[in-house]
Amino acid sequence: MGTERKRKISLFDVMDDPSAAAKNTKISGLADGGINSLINKWNGKPYSQRYYDILEKRRTLPVWLQKEEFLKTLNSNQTLILVGETGSGKTTQIPQFVIDAVDSETSDKRRKWLVGCTQPRRVAAMSVSRRVAEEMDVTIGEEVGYSIRFEDCSSPRTVLKYLTDGMLLREAMADPLLERYKVIILDEAHERTLATDVLFGLLKEVLKNRPDLKLVVMSATLEAEKFQDYFSGAPLMKVPGRLHPVEIFYTQEPERDYLEAAIRTVVQIHMCEPPGDILVFLTGEEEIEDACRKINKEVGNLGDQVGPIKVVPLYSTLPPAMQQKIFDPAPEPVTEGGPPGRKIVVSTNIAETSLTIDGIVYVIDPGFAKQKVYNPRIRVESLLVSPISKASAHQRSGRAGRTRPGKCFRLYTEKSFNNDLQPQTYPEILRSNLANTVLTLKKLGIDDLVHFDFMDPPAPETLMRALEVLNYLGALDDEGNLTKTGEIMSEFPLDPQMAKMLIVSPEFNCSNEILSVSAMLSGPPFTFIFLFLLPLVSIRVRLSSAVSSVGSAYPWLGGVLIPNCFIRPREAQKAADEAKARFGHIDGDHLTLLNVYHAFKQHNEDPNWCYENFINNRAMKSADNVRQQLVRIMSRFNLKMCSTDFNSRDYYINIRKAMLAGYFMQVAHLERTGHYLTVKDNQVVHLHPSNCLDHKPEWVIYNEYVLTSRNFIRTVTDIRGEWLVDVASHYYDLSNFPNCEAKRVIEKLYKKREREKEESKKNRK
DNA sequence: GAGCACTGC
């Protein structure tokens, strides 16, 4: 042991590693020369005992065995690909290796350099940076920090910053060469989020212009060679993970009903397998709740011959208190020495990627997940239950081997796994509406999108659609160049339509109200579990997420997930509906949301008021947060905050007109047949039953097009046909309009306008 | 009269 340690010391002492000296001190009792090393070079304070305790554990991480190799490779290359499985320690250790190396070769001790490490999720950026600050024995926000939307926890002293990939993209908009950074680490690159994919292309350009910048791409398996090709043969390093073996079982025959098969498998495991918790992957809330009931019933029928079970559902919209239950221990045996209890977690993909549950020994994988697909032709996207990828299946099975050897039951045949599953899930950029992304790219100075070096180029049609939308919104001119309006739009963390509606809202004298509506329509109202208690050694961050996120991938409007501020508990649906009706505005759902926001403020943001009115307090707080951010951006561009007099007839009219100025491409017309057709695309759509209108308006704008049991438009507001002609005549240009009822109506409206003009002329004469 | 996989600025 001693020799091994000494060997390690000799390997690392090039790096001026204080821990090496500390080891020396400990082992041989030599304080000599170790005195300076007992001082933390980052903050000049003596190391705490805890530092050494953690260091001991850190050194056992697989990645430490390759520290020297890593630094050598990094030293002689501008780009490096690092592949590491779960438990290798790459997310926490590699960035520390990097800052040590940069520090030792920088003569300028004023340290005007920074190392950035991106994460796809905020929680990861926060928790990992906290952990690393602890490991380095510094205060979070000082030498080590993080930066996420709404929270910049870093200082001028910061040398290592964890940030979300989207945040780095935002920084690039202001600092196109990312000049603050010496090294950028793109972590979880295999997830291929929209932001990471854009960063790939951007960094490839930046590296050409900045020979002093280095890039480390960290990923979990499989696609590494693809990354290598993309980054012109950058060296590849592999770090082993640390997972227990997981035995994989397939079914002999394809299962007809995966839900039934999953439940059957749960029961069998519970009856026949040794103790250990079960994780079942299903596709959605309803299915999960259904499965939980059935599992309870079936195991209940078995009586006392089996141990007690605790069945826990898990999906993102579950209230946090309920989510917390996944960490409860398995139930105790009913009688002493009786059959042991078992916890059964029935979860969506959230457990595949974002969340880790320790103690899982058995995984049941039916092989399906809900995935978003985008069809640029009809500009509609929908959630489809579809087969997962091999990478995803691999990640799911890995969930069984966190604490000890486990088993994974795949409810499909081995042949099907080999032949039918695609290796990776399509990256988000191929499944998304790219209006927002294109706007960002334009702002980043990338003019030629066709020749932009995407790792996976999106369909030309998707890019064309995006350019078209941006042109209609006035963000791009006819040559495709960013306009002044486009510049401002790109600064808003919103989809282009919404950004446009905000920018023009002062002209309609209602920017205060449009700000509130926008905030209510955006923001992250999602509930998630936040874990402060991190495992000492390995910090888990999402490994593979073949079935991973789809960002701004909504039809038409490209990217607003309605935060449902209305709570509707199963046991109090009627009361909840009545409460909602009290906020209802007959002209539409947007105005209803405005009512809710105003009421929330009038009641001083009181959580009790929220509870009594079936309003989601978290969603409201989030909306308020978003609103504040939007206000700051508005002020930055001298956009006036104003309101029409509430008692004026025009109060709501102005708001509706301003909304139309952004959302004129999302209009539906009520046909004489009694159903709605979307304008120009002529898709038959239905008002979503959640709407609060008391009538069927002839024209509506809608915020969301959802394809479920029918084609629904959700969050709709009544507008007038005349406004189409007034506010968006460039889009409602009749020479470029498919022949339909709506066209004929608009034609009449134009003629009416003409007549009015004539008359007013006459009257003036 | 219906339902929401998961993220991000």
(Q) Using heavy-atom distances to pick each residue's nearest nucleotide on DNA chain B, tell me which of A:Gln629 and A:Glu286 is more 5'. (A)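 Result: A:Glu286.
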Q) For A:Gly166 and A:Thr348, take the nucleotide of DNA chain B holding the closest heavy atom to each; which residue's nucleotide lies nearer the 5' end? A)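 Closer to the 5' end of DNA chain B: A:Thr348.
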(Q) Heavy atoms only, 4.0 Å cut-off, all strands: where does A:Leu169 land among base, sugar-phosphate and nothing? (A)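 A:Leu169: no heavy atom of the nucleic acid under 4.0 Å.
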Q: Pick base, sugar-phosphate or nothing for A:Phe492, based on heavy-atom distances below 4.0 Å to the nucleic acid.
A: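 If one applies the 4.0 Å heavy-atom cut-off, A:Phe492 turns out to touch nothing in the nucleic acid.
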Counting only side-chain heavy atoms from C-beta out, which of [options] sits nearest to [X]?
X: A:Thr164; options: B:dA5, B:dC9, B:dG3; result: B:dC9
X: A:Arg121; options: B:dG8, B:dC9, B:dC6; result: B:dG8
X: A:Arg122; options: B:dC6, B:dA2, B:dC9; result: B:dC9

Whole angstrom is fine here: how far is it from [atom1] in [X] over to [atom2] in [N]?
X: A:Tyr315; N: B:dG3; atom1: OH; atom2: P; result: 16 Å
X: A:Glu491; N: B:dC9; atom1: CD; atom2: P; result: 16 Å
X: A:Ile429; N: B:dC6; atom1: CD1; atom2: P; result: 23 Å
X: A:His688; N: B:dC4; atom1: NE2; atom2: P; result: 7 Å
X: A:Phe566; N: B:dC4; atom1: CZ; atom2: P; result: 17 Å
X: A:Gln371; N: B:dA5; atom1: CD; atom2: P; result: 13 Å
X: A:Asn349; N: B:dC4; atom1: CG; atom2: P; result: 16 Å
X: A:Ile288; N: B:dA5; atom1: CD1; atom2: P; result: 8 Å

Q. So A:Phe566 and A:Phe583, would you call those rings parallel, tilted or perpendicular, with 30° and 60° as cut-offs?
A.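 The arrangement is tilted - the two ring planes meet at 30° to 60°.
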(Q) Does a side-chain N or O of A:Arg170 approach OP1 or OP2 of B:dG8 to a distance below 4.0 Å, or not? (A)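 Negative; the distance criterion is not met.
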Q: Give a yes/no on whether any side-chain N or O of A:Ser690 is located under 4.0 angstrom from OP1 or OP2 of B:dG1.
A: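 Answer is no, no contact under 4.0 Å.
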I'd like to check [X] versus [Y] (side-chain heavy atoms, cut-off strictly below 4.5 Å). Are they in contact?
X: A:Thr715; Y: A:His590; value: yes
X: A:Thr283; Y: A:Tyr258; value: yes
X: A:Asp624; Y: A:Tyr597; value: yes

Q.
With side-chain contact (heavy atoms from CB on, under 4.5 Å) as the test, pick out the partner of A:Val198 among A:Thr437, A:Thr193, A:Leu434.
A.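 One option only clears the test, and that one is A:Thr437.
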